[in-house]
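To start, the structure under review is shown below, and the notes come after it.
For this chain, numbers begin at 1 and follow the sequence in order. All values below were derived from every heavy atom in this structure, side-chain atoms included, with hydrogens, water molecules and symmetry-related copies excluded.
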Amino acid sequence: MALPLFLGACATAREPITAESTGFWDRYIVYSFSRLIIWLSDLFGGNYGLGIIIFTLIIRLVLVPLYHYQIKSTEKMQVVQPEMQALREKYASKDPETQQKLEEEMAKLNEKYDYNPLSGCLPMLIQLPILMGLYQAISRTEVLSNGHFLWMELGQPDPYFILPVLAAALTWYNTRLMTIGNPQSNQSMAAMQWMMPAMILFMGATLPSAIALYWVASNAFTIGQTLILNNPYKKREARLEKEKAERDLEKRLEKAKRHPRTTKKKR
């Protein structure tokens with residue numbers, strides 16, 4: 001759903017964005033993005049690529065509280081999922097009465113854990129207008145659309161597809177970190193691990209290289225943030241150690257049952 005919305009926004013009018021532009025979107029979003037990127041670029045000697053990278057890092061820093069909220073929501077989901085699955089098995093019948101009962105029980109379960117199933121979509125919904133605004137800021141600001149960074153013209157697709165491939169690879173690894181941190185594997189998560197990079201690769205190869213640059217910087221920041229604040233490798237290691245300890249305890253208890261100690265009564 002996000003792809004057609006974004007591409008639709010990219011196809012809107014390309015009149016130059018100026019201080020005289022009207023409308024909330026053009027005047028306060030697109031124009032503000034344009035001015036901020038140019039100002040940041042001027043700090044680095046007119047390097048518009050660095051300006052976009054710093055712009056991206058600022059956006060990601062602003063979204064850190066949202067990232068924290070998403071992590072908490074994911075942790076709640078991991079707790080809720082087993083009980084949800086049990087409810088689906090209990091109310092497996094497809095008749096309307098059973099399905100209504102399932103919905104009621106699901107709602108009670110979400111309320112019990114204060115869990116909102118739609119909360120995982122929030123980061124995407126917030127980043128989508130940022131991408132739309134960035135695209136229009138680049139394409140409708142002449143100095144940005146004609147700007148160069150390394151081998152690229154920022155207003156044109158990467159001719160060597162290096163940034164799109166890198167953006168797709170970082171997207172894959174970012175999604176992989178999510179699956180490592182989630183002990184409850186499911187088909188939707190596995191599908192997203194490949195669908196998202198494929199979508200990023202396609203869009204990165206056809207849209208201005210500035211967008212691919214944004215994705216590279218954004219995903220790199222997110223990966224670093226995840227490894228520092230919510231390292232899934234450490235979580236997995238702790239989980240495996242806990243499971244091993246539980247298995248060892250079960251083995252000792254089973255062994256104790258099979259070979260009970262006998263004690264001689266003292267006469």
Margin query: Assess whether a salt bridge exists between E104 and K108, defined as any Lys/Arg side-chain N lying under 4.0 Å from an Asp/Glu carboxylate O.
Written below: no
Donor-acceptor contact present, side-chain [X] to main-chain [Y], <3.5 Å:
X: T141; Y: I138; answer: no
X: S34; Y: V30; answer: no
X: R27; Y: A19; answer: yes

Shortest non-hydrogen contact from [X] toward [Y]:
X: A205; Y: P157; value: O-CB, 3.5 Å
X: R60; Y: S218; value: CD-OG, 3.2 Å
X: A137; Y: L144; value: O-CD1, 3.7 Å

Next item on the list: May I ask whether L128 and I59 are part of the same hydrophobic cluster, defined by side-chain heavy atoms of I, L, V, M, F, W, Y residues being less than 4.5 angstrom apart, directly or through others?
Entry: yes
Notebook entry, point to check: Among the clusters formed by ILVMFWY side chains lying less than 4.5 Å apart, do M196 and Y173 turn up in the same one?
Noted result: yes
Next item on the list: Report yes if the side chains of F221 and L61 come closer than 4.5 Å at any heavy-atom pair, otherwise no.
Entry: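 Of all side-chain heavy-atom pairs linking L61 with F221, at least one is under 4.5 Å.
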Checklist line | 4.5 Å side-chain heavy-atom contact, W215 and L163 | finding: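 They are not in side-chain contact.
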Next item on the list: Give me the ring orientation class for Y214 and F55: parallel if the planes are under 30° apart, tilted from 30 to 60°, perpendicular past 60°.
Entry: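 If you compare the ring of Y214 with that of F55, the planes turn out tilted.
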Table please: side-chain donor-acceptor pairs of residues 35-53 below 3.5 Å, with sequence neighbours left out.
| residue | atom | partner | partner atom | Å |
| --- | --- | --- | --- | --- |
| S41 | OG | I37 | O | 2.7 |
| N47 | OD1 | G49 | N | 3.2 |
| N47 | OD1 | L50 | N | 3.1 |

For the [atom1] atom of [X] and the [atom2] atom of [Y], what is their distance to the nearest 0.5 Å?
X: T206; Y: D158; atom1: OG1; atom2: CG; answer: 12.0 Å
X: R176; Y: T171; atom1: CZ; atom2: OG1; answer: 15.5 Å
X: I211; Y: I200; atom1: CD1; atom2: CD1; answer: 10.5 Å

